[in-house]
Amino acid sequence: MNFAAIRVIYRAEMQRAINTLFQTLASPVISTSLYFVVFGSAIGSRIQTIDGVSYGLFIVPGLTMLTILTQSISNASFGIYFPKFSGTIYEVLSAPLSFFEALIGYVGAAATKSFVIGVVILLTASLFVDLQIEHPIWMLTFLVLTCVSFSLFGFIIGLWADSFEKLQIVPILVITPLVFLGGSFYSINMLPPFWQTVSLFNPVVYLVSGFRWSFFEVSDVNVWTSLTMILIFLGVCLAVVSWMFKTGYKLKE
Amino acid sequence: MDNIISINDLAKVYDNGFEALKTINLDIERGEILALLGPNGAGKTTLISTIAGIVSPSSGTILVDGHDNVRDYRSARKLIGLVPQELTIGAFETVWNTVSFTRGLFGQKKDPEYITQLLKDLSLYDKKDNQLRMLSGGMKRRVLIAKALSHAPRILFLDEPTAGVDVELRKDMWRIVNKLRESGVTVILTTHYIEEAEEIADRIAVINHGEILLVEDKTELMQKLGKKQLIVEFKEPQFSLPDSLKDYSLDIDDKGLVLTYTYDATADATGITRLLQSLGEAGMSLKDVRTTQSSLEDIFVDLVHSDGIAANEQPKEKSA
């Protein structure tokens, strides 16, 4: 195992975030604060409680998921796409390290950044609402699994993309709608039965539901189902990445 | 013969059907400087990229110091340093960090003393805290060399190392290459600047259309294929030569002022003495006498021409 290589890739990726620390942290803090002002205070005060939880509090897990999903994808996809774009990927390809080791470096750093951002959002949210976490271990489990699996997903997008347009297209056209329609700001039980069934095909529903359950013991689907779904997603991403590495997909000619 | 790289039946066919390499067989000796010559698109970069592990071979094997570069890629790649043709380098990292990054990628522990010495050797030490985007093209080229040497490789690939660099850097580069050779590092240099190969290489390999046309010791190659000519200039035009010179391979220009004699420099009897004597006996007054030898460039052009290369793909003259 080439630990030195994993360490330098991880550090270089983390350094990129540290170099733009203000942008990395200010953006999620400001957007979270705006969501709380608009949904939590202005609109939320006129919305009745959902399953006994005030609306301001109810949106915290969904809001956190919304940000860490997009940040994980964006960090990981950019992390691998940029060396491909600039040509500096030759170093990684010619170094004595396995694809798996490179993956740990890149995805580990992207997931770490998302995790930190998730924690910052929760801290920001606690300034606006009286945040309670009923099951901290479950909360951390969902947070870590989401950061890792969506960083993997972002890595796949970064490998697949051969233009900046493609790099943006999946997050904008797929992830954002899935997150907004995944119960981030509402309970899917509030939807008509047909749309409830349709929502169950949205993987984000399981993430948000499980994550929300760890805070308030309120969920749209069983927490074990949520855990199973995220593990399946993680497994699928790992399988795709292994195939990409084995075949050198979009990396080696 | 102690080969550090052995390439056997290597072929590379891209997805679009283009055959970049066609059954390459090449042995590279430990500690030598091998110049890989070829026009643009000949397959030079594909060949070294395949050895370095960046491009997957379609068939064939490459052994790097006995290690298969696919099955035992870790051991093989640890021995190789690569300076790419393009200035592919980051923007916001510092010189020190980017060189240390490459060292880490190759599994080496931190060694600030080694990196310090390396940067000093490459006249980069005073720029060690500068961001890469602030450096000139020549400085970036030095950084790429520093990165390639950061893990003290035993084999160094220099892919078109002097493309667009100034005289000072070129001299520095050859000084470094000579120093590396003295320490036992094998250097493989790809270039289409013949002068470079002539100046520094031990052996020359010529590649064209994905095939190795020849691999030869540089001196032997120049002796074998190089022509030597004696050029005699007359004071007055001469349109007939003495009968005693009929057996010579002679050419005289249209004005009758310049006589060219092509001969084998390695032969025991070149015939020069008898030629000059005959000219003197015939009463021809000589203005000047000089000899020329075909350069490696001439040899190269002949080779690629015979391989069917178009004239516009010939190697460029090296700029000063």
Side-chain angles (χ1 to χ4, degrees), chain A residues 1-24 75 78-106 108-109 159 162 164 243-253, chain B residues 12-16 18 20 45-46 48-58 64 67 69 72-94 97-110 131-132 144 147-148 150-151 153 157 159:
Chain A
M1 196 83 167
N2 188 346
F3 290 108
I6 297 172
R7 193 172 58 241
V8 291
I9 293 174
Y10 182 87
R11 274 196 189 160
E13 286 300 297
M14 291 305 289
Q15 191 60 47
R16 206 158 48 81
I18 291 166
N19 289 344
T20 54
L21 191 62
F22 182 75
Q23 182 194 326
T24 305
N75 283 330
F78 191 78
I80 189 66
Y81 177 76
F82 195 71
K84 271 174 52 187
F85 172 74
S86 65
T88 54
I89 193 74
Y90 85 90
E91 279 198 283
V92 177
L93 295 177
S94 62
L97 81 159
S98 67
F99 286 128
F100 183 64
E101 288 157 354
L103 184 73
I104 296 173
Y106 282 110
L159 279 179
D162 47 23
F164 279 100
W243 172 80
M244 283 177 145
F245 280 169
K246 203 170 276 180
T247 57
Y249 175 79
K250 297 269 181 122
L251 271 177
K252 282 193 181 190
E253 293 173 294
Chain B
K12 175 64 190 177
V13 183
Y14 286 106
D15 290 342
N16 61 8
F18 175 67
T45 300
T46 303
I48 66 166
S49 298
T50 312
I51 301 170
I54 298 169
V55 171
S56 301
S58 302
V64 180
H67 306 287
N69 86 326
D72 190 10
Y73 67 92
R74 285 185 199 270
S75 304
R77 291 184 195 173
K78 269 183 186 171
L79 300 168
I80 296 174
L82 169 65
V83 181
Q85 186 175 344
E86 304 293 333
L87 288 175
T88 42
I89 201 162
F92 299 103
E93 303 93 329
T94 64
N97 285 347
T98 196
V99 175
S100 303
F101 173 79
T102 309
R103 183 176 171 83
L105 275 185
F106 281 78
Q108 301 283 312
K109 286 180 186 169
K110 284 182 181 176
Q131 285 190 337
L132 298 171
L144 286 173
K147 283 163 81 70
S150 65
H151 60 288
F157 286 101
D159 195 1

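By convention in this document, chain letters (A, B, ...) are assigned in the order of the sequence lines, proteins followed by strands, and residues within each chain are numbered from 1. A quick note: this is a predicted structure, and the numbers were derived from the prediction, not measured.
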In Å and rounded to the nearest 0.5 Å, what is the CG to CG distance from N2(A) to L105(B)?
7.5 Å
What closest approach, in Å, do P96(A) and Y73(B) show between heavy atoms, and which atom pair accounts for it?
C-CE1, 4.4 Å
More than 12 foreign heavy atoms under 6.0 Å from CG of D15(B): is that the case here?
no
Heavy-atom distance under 4.5 Å to chain B: side chain of I9(A), backbone, both or neither?
both
Please classify the contact between Q108(B) and chain A as side chain, backbone, both or neither, with a heavy-atom cut-off of under 4.5 Å.
backbone
Turns out that what part of K12(B) lies under 4.5 Å from chain A's heavy atoms comes down to side chain
Note: S94(A) and R77(B) closest approach over all heavy atoms is O-CD, 3.3 Å
Is S86(A) in contact with chain B via its backbone, its side chain, both, or neither, using a 4.5 Å heavy-atom distance?
backbone
For F106(B) and A95(A), work out which heavy atoms get closest and say how close.
CZ-CA, 3.8 Å
Note: vs chain A, highest number of non-hydrogen pairs under 4.5 angstrom among A52(B), S100(B), G104(B), P84(B) is G104(B)
Hey, is CZ on F100(A) packed in by over 12 heavy atoms from elsewhere, all under 6.0 Å?
no
Distance (rounded to the nearest 0.5 Å) between Y90(A) OH and K147(B) NZ:
5.5 Å
Which atoms of F101(B) approach chain A - backbone, side chain, both or neither, heavy atom under 4.5 Å:
both
Which portion of E101(A) sits near chain B, non-hydrogen atoms under 4.5 angstrom
side chain
CZ-CZ distance between F92(B) and R16(A), expressed to the nearest 0.5 angstrom:
10.5 Å
Count the heavy atoms belonging to other residues, nucleotides or ligands that lie under 6.0 Å from OH of Y10(A), then report whether that count exceeds 12.
yes
Under 4.5 Å heavy-atom distance to chain A, tell me which part of L144(B) shows up: side chain, backbone, both or neither.
side chain
The interface call for R11(A) against chain B, heavy-atom contacts under 4.5 Å, is side chain
